[in-house]
Amino acid sequence: MEVKKLICVECPMGCNVEVVMEGSDIKNVTGFSCVRGKNYATAEVVNPLRVITTTIKTLDGRIVPVKTDMPVPKKDMAALIEKIKAVKVDGQIKVGQILYKDLCIGANLIATKNC
Amino acid sequence: MKHDIVIIGAGPAGLAAACQAYDSGVKDIVILEREPHLGGILNQCIHNGFGLKRFGQSLTGPEYAQRYIDMVLERGIKVYTETTVLSLTDNKVITAISPTEGLFYIEAKAVILAMGCRERSRGALNIPGTRPAGVYSAGTAQKYVNIFGRMPGKEVVILGSGDIGLIMARRMTVEGARVHAVAEIMPHSSGLKRNIVQCLDDFDIPLYLNHTITKIEGKDRVEGVVISQVDQNKKPILGTEKHFKCDTVLFSVGLIPENELTKKAGVTLDRATRGAVVDQTRETSISGVFACGNVLQVHDLVDYVSEESAIAGRFAAEYVLNGKRDKQTVKLSAGENVSYVLPQQIDKGLDGNVKLFFRVTKTLNNCTIRGLSGEKEVFAIKKRVVVPGEMETVILPKEKIELIDGGLTVTICD
């Protein structure tokens, strides 16, 4: 049995969550205050996920803040950031607008500001 | 000109106060904003994690701002952008200046102060060394990267582990810079735990606790820094120096409420919060002048700013509609291990619960928060852990408020 100690990053509370593992099986999760914390800890020991937030430039040079509309694998972050930086956008952009479909595992890249 | 409510600042505090004041029955509201856009500092906070309490989902700063901007515009509330307020008098006359209006005056029935805060600078820390280019406050660097799309440098050392510093460590890394170290003079980070994990640990950026910058090198441009370990009195320990080659230094060493207008108007300030002294309605020592958000106390979360600002908005509207209240105020004060309590006064004549906000001076485990009125214990609440980086709250029900005689001191002990 192995106990993995994590700090949940889902919200600013930062709960100390403990996951009891037996090999690659999760035996027990404790210390979370909501279901988000439980899901985070479960994912974190198997396949850690993060939402990526960054900016891209429109063809005419405006800066658009963007995010993935769901968490994506942490291990792919560097490659995904490169992919995001290469996305070309133009014209009026609305908050929530999809700028790139299915970046990975079904996550889209969306604008977070009217630009 | 004359208006019922004038709000200074269109950041999250000003926007939330405006909406709530409007919904409480006052329609003649104007917001004065120094920048060309609404939303304040949220516009440059492109990371997520905002709004979990207020909207039940994780939004980025611009998304959170947009929700409130839409609410303000839907209500037809008048906004003057690029408008700087030069002064406020104790009889609520505001002098402002803008490119379209020139210099103008507004007589207000009620004023809501929502100017936010600014960052502490290198000058406030007395760090020795030369004065080269490449030294920025973390928030300035954030504006360069996220609003203008320009990188302040490539090799970075950050002083201070406040949230903006941690967020910028990640942000600079994502944009291709190398962050060599984050130095924190305290034995603990002043940032949120989640930011240590996802901004530093995720990118293998080392955090040096009990360390500070003791030298900045370079004549025209930063060429390197020296960081040293500090002792219990925060004095650098000789022989612990570490040298880093870098071209950029970011400071994330705290925020100061921007209260120049408040001070000049004659509003009483609290030495600990550096904001106005208020009662639970967020009314200051000048009748009809209210304050909310980071200009009143530096909050951890924008969600709390919105919550607090709605209180100020509601009571500013009541002030306009019903006039001045007779108050029966009792004083609140910070006791053992507590750095401040807000509100600093409670008007016992008002109905409803009062939420107390306070910060602790050190980390304590399995502790008890007590409210004492003289010898009498008004409340006692057990807590598993409290840390200085995170604001604590206690809800004081009306029946407990009735028990307060003279004043209330909030303490926290093992």
Side-chain angles (χ1 to χ4, degrees), chain A residues 5-17 31 33-37 40-41 44 48-58 60-82 84-85 93-97 109-115, chain B residues 37 39 42-53 56-67 69-70 142-150 163 167 170-171 173-176 189 191-199 201-203 299-304 384-385 387 389-391:
Chain A
K5 292 184 176 181
L6 306 168
I7 293 169
C8 176
V9 303
E10 290 295 309
C11 91
M13 273 181 68
C15 291
N16 292 293
V17 186
S33 347
C34 73
V35 67
R36 255 196 225 108
Y40 168 80
E44 192 69 8
L49 301 169
R50 297 286 186 270
V51 167
I52 298 178
T53 62
T54 184
T55 54
I56 61 173
K57 249 186 201 167
T58 62
D60 59 359
R62 284 169 292 140
I63 306 295
V64 187
V66 296
K67 71 172 183 185
T68 56
D69 62 0
M70 52 187 253
V72 295
K74 188 172 117 180
K75 62 176 169 46
D76 301 334
M77 232 182 338
L80 288 169
I81 288 164
E82 238 173 81
I84 291 168
K85 283 288 171 192
I93 290 157
K94 280 268 187 209
V95 54
Q97 185 179 329
L109 186 73
I110 64 169
T112 59
K113 195 175 175 180
N114 297 329
C115 290
Chain B
H37 307 286
L42 282 174
N43 287 317
Q44 68 184 59
C45 301
I46 62 157
H47 53 282
N48 64 330
F50 300 90
L52 279 156
K53 284 188 194 287
Q57 50 180 302
S58 176
L59 303 171
T60 64
E63 290 173 306
Y64 190 100
Q66 195 60 50
R67 294 201 177 194
I69 293 169
D70 290 345
Q142 189 179 45
K143 188 169 188 177
Y144 275 116
V145 178
N146 294 347
I147 304 283
F148 305 134
R150 305 253 180 243
D163 286 312
I167 294 286
R170 173 177 62 183
R171 187 72 191 111
T173 308
V174 164
E175 288 295 329
S189 163
L192 298 169
K193 281 185 273 183
R194 67 188 301 247
N195 286 336
I196 304 283
V197 175
Q198 59 178 358
C199 297
D201 298 352
D202 274 7
F203 298 94
H299 291 261
D300 301 335
L301 302 184
V302 71
D303 304 62
Y304 295 143
R384 208 155 42 103
V385 60
V387 294
E390 291 174 33
M391 202 191 275

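Quick note on labels: first sequence line is chain A, next is B, and so on, each numbered from 1. Bear in mind that the values here come from a model prediction, so they are computed numbers and not experimental data.
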Measure distances from Ile7(A) to the heavy atoms of chain B and classify the residue's part below 4.5 Å as side chain, backbone, both or neither.
both

What part of Arg36(A) is in contact with chain B, defined as an atom under 4.5 angstrom from a non-hydrogen atom: side chain, backbone, both or neither?
side chain

State whether a side-chain donor-acceptor pair under 3.5 Å links Gln66(B) with Thr112(A).
no

So, taking the atom named NZ in Lys94(A) and the one named CG in Asn114(A), what distance separates them when rounded to the nearest 0.5 Å?
4.5 Å

Between Asn195(B) and chain A, which part of the residue has a heavy atom less than 4.5 Å away: side chain, backbone, both or neither?
neither

For the interface with chain B, which of Val95(A), Val64(A), Ile52(A), Thr53(A) has the highest count of heavy-atom pairs at distances below 4.5 Å?
Thr53(A)

Is there a side chain to side chain contact (heavy atoms under 4.5 Å, CB included) between Leu192(B) and Leu301(B)? Walk through the geometry before answering.
CA-CA 10 Å; Leu192(B) 298 169; Leu301(B) 302 184; 4.3 Å; yes

Under 30°, 30 to 60°, or over 60°: which ring-plane class applies to Tyr144(B) and Phe148(B), parallel, tilted or perpendicular?
perpendicular

Distance-only polar pair, side chains of Thr55(A) and Arg171(B), donor-acceptor under 3.5 Å
yes

Proximity breakdown for Ile196(B) and chain A, heavy-atom pairs closer than 4.5 Å:
neither

Can you check whether Lys57(A) reaches Ile63(A) side chain to side chain, under 4.5 Å on heavy atoms?
yes

Measure the spacing between SG of Cys199(B) and CZ of Arg194(B) and express it to the nearest 0.5 Å.
8.0 Å

Selection from Val385(B), Asp303(B), Asp202(B) maximising heavy-atom pairs under 4.5 Å formed with chain A
Asp202(B)

As an exercise: rank Thr173(B), Asn146(B), Asp300(B), Leu59(B) by heavy-atom pairs under 4.5 Å with chain A and give me the winner.
Asn146(B)

Which one wins on heavy-atom pair count under 4.5 Å against chain B: Thr54(A), Ile81(A), Val66(A)?
Thr54(A)

Given that the side chain runs from C-beta out, which part of Phe203(B) has a heavy atom under 4.5 Å from chain A: side chain, backbone, both or neither?
side chain

